[in-house]
K.L.:
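For reference, the structure I am asking about is given below.
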Amino acid sequence: MEKLAKGIEIDPNDIVRFHGTGKDETVTMTLKNRTDQKLAYKIKCTSNDLFKILKPIDLIEPRSSTEISITYRPGKGVADDRHHMGVYFIPAPEGCTATSVWAEHYGKAVGEYRVKVIVVESSSSRKE
């Protein structure tokens with residue numbers, strides 16, 4: 001299990017940064033499966049209103065990668081310094097779907113990352 005705990009490499013791996021232009025803004029996160037086993041991942045965020053994640057639950061084939069789009073929607077709330085994304089993963093048996101793997105999984109994920117979300121407000125996007 002120790003090898004699986006380090007099985008996914010993510011980029012960016014510590015901070016997702018948005019530029020706070022006042023409009024919806026999308027960044028890409030890359031997940032790379034470094035193992036010889038299929039993995040299921042799940043991404044959660046602190047505010048589903050502020051951040052939309054495209055493909056929040058899916059499978060990654062062995063030795064392959066996938067790109068996740070994360071959109072910041074500034075009109076949906078306040079982006080303070082408490083926001084983060086949690087990236088969790090577990091082994092996925094052959095023939096399963098990502099949703100079914102997570103529905104049947106109990107306990108902690110095999111591996112997880114916590115990625116801070118920072119919105120750098122530009123002076124033109126701030127409301128006076």
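Here, residue 1 is the first one in the sequence, and each next residue gets the next number.
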K.L.:
Specify whether His83 and Phe51 have parallel, tilted or perpendicular ring planes, treating 30° as the upper limit for parallel and 60° as the lower limit for perpendicular.
P.N.:
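Plane angle over 60°, so perpendicular.
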K.L.:
Backbone N or O of Gly86 within a donor-acceptor pair of the Arg114 side chain at under 3.5 Å?
P.N.:
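Between the backbone of Gly86 and the side chain of Arg114 there is no qualifying donor-acceptor contact (under 3.5 Å).
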K.L.:
Considering all heavy atoms of both residues, which atom of Cys96 and which atom of Leu59 are nearest to each other, and what is their separation?
P.N.:
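For Cys96 and Leu59, the tightest heavy-atom pair comes out as O-CD1, 3.6 Å.
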K.L.:
For Lys32, is the NZ atom crowded, meaning more than 12 foreign heavy atoms sit under 6.0 Å from it?
P.N.:
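Atom NZ in Lys32 is not crowded, with 12 or fewer foreign heavy atoms closer than 6.0 Å.
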K.L.:
When rounded to the nearest 0.5 angstrom, what distance separates CZ in Arg17 from CD1 in Ile118?
P.N.:
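Spacing of CZ (Arg17) from CD1 (Ile118) equals 5.0 Å.
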K.L.:
Quick check for you: to the nearest 0.5 Å, what is the distance between Thr66 atom OG1 and Asp58 atom CG?
P.N.:
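Reported to 0.5 Å precision, the distance equals 6.0 Å.
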K.L.:
Are any side-chain N or O atoms of Glu25 and backbone N or O atoms of His19, one a donor and one an acceptor, separated by less than 3.5 Å?
P.N.:
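Pair found, side chain donor or acceptor close to backbone of His19.
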K.L.:
Would a 4.5 Å heavy-atom cut-off, applied to side chains only, mark Arg63 and Arg34 as touching?
P.N.:
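They are in side-chain contact.
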K.L.:
Are there more than 12 heavy atoms of other residues, nucleotides or ligands under 6.0 Å from atom NZ of Lys116?
P.N.:
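Check passes, neighbour count above 12.
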K.L.:
Evaluate Ser47 against Asp49 for side-chain hydrogen bond (donor to acceptor under 3.5 Å, both in side chains), listing each step before the verdict.
P.N.:
CA-CA 5 Å; Ser47 174; Asp49 292 332; 5.0 Å; no
K.L.:
Is it true that atom NZ of Lys38 has more than 12 heavy atoms of other residues, nucleotides or ligands lying nearer than 6.0 Å?
P.N.:
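Buried by this count: over 12 neighbours within 6.0 Å.
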K.L.:
Which atom pair, heavy atoms only, marks the closest approach of Ala40 to Ala92?
P.N.:
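Minimum heavy-atom contact is N-CB, 3.9 Å.
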K.L.:
Donor-acceptor pair, distance only, cut-off 3.5 Å: does the side chain of Asn33 make one with the backbone of Glu61?
P.N.:
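Confirmed, Asn33 side chain pairs with Glu61 backbone.
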K.L.:
If you compare all heavy atoms of Leu39 against all heavy atoms of Pro91, which two are closest, and at what distance to 0.1 Å?
P.N.:
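Distance-wise, the nearest heavy atoms are CD2-CA, 3.9 Å.
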K.L.:
Return yes if a side-chain donor-acceptor contact under 3.5 Å exists between His84 and Thr46, otherwise no.
P.N.:
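The criterion, which ignores hydrogens and geometry beyond distance, is not satisfied for Thr46 and His84.
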K.L.:
Which distance, rounded to the nearest 0.5 Å, do you find between the NZ of Lys23 and the OG1 of Thr71?
P.N.:
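Nearest 0.5 Å value for the NZ-OG1 distance: 15.0 Å.
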K.L.:
Distance check, rounded to the nearest 0.5 Å: Ile8 atom CD1 versus Phe89 atom CZ?
P.N.:
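One gets 5.0 Å once the value is rounded to the nearest 0.5 Å.
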K.L.:
Hey, could you give me the NZ/CD1 distance between Lys44 and Ile57, rounded to the nearest 0.5 Å?
P.N.:
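Lys44 NZ to Ile57 CD1: 8.5 Å, rounded to 0.5 Å.
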K.L.:
For the residue pair Tyr88 and Tyr41, is the inter-centroid distance of their aromatic rings smaller than 6.0 Å?
P.N.:
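Ring-ring flag for Tyr88/Tyr41: false, centres at least 6.0 Å apart.
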K.L.:
Mind checking the CE-NZ spacing from Met29 to Lys55? Nearest 0.5 Å is all I need.
P.N.:
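Reported value, rounded in 0.5 Å steps: 13.0 Å.
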K.L.:
Side chains of Val16 and Tyr72: closer than 4.5 Å at any heavy-atom pair?
P.N.:
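No, side chains not in contact.
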K.L.:
Give the minimum heavy-atom separation between Val115 and Asn13, together with the two atoms involved.
P.N.:
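Minimum heavy-atom separation between Val115 and Asn13: CG2-O, 4.1 Å.
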K.L.:
Quick one: which of Val27, Thr28, Ile43 gives a side-chain contact (heavy atoms from CB on, under 4.5 Å) with Ile68?
P.N.:
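It is Ile43; the other options fail the test.
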K.L.:
How close do Val110 and Ile90 get, heavy atom to heavy atom, and via which atoms?
P.N.:
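Nearest heavy atoms, Val110 then Ile90: N-CG2, 3.8 Å.
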K.L.:
Taking the side chain as C-beta and beyond, is there a heavy-atom pair between Val117 and Cys45 under 4.5 Å?
P.N.:
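Side-chain contact under 4.5 Å: no.
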K.L.:
Is there side-chain contact between Thr30 and Glu67, with at least one heavy-atom pair below 4.5 Å?
P.N.:
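Yes, at least one pair of side-chain atoms sits under 4.5 Å.
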K.L.:
For the residue pair Pro56 and Ile53, what are the closest heavy atoms and their distance?
P.N.:
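Taking Pro56 first and Ile53 second, the nearest heavy atoms are CD-O, 3.4 Å.
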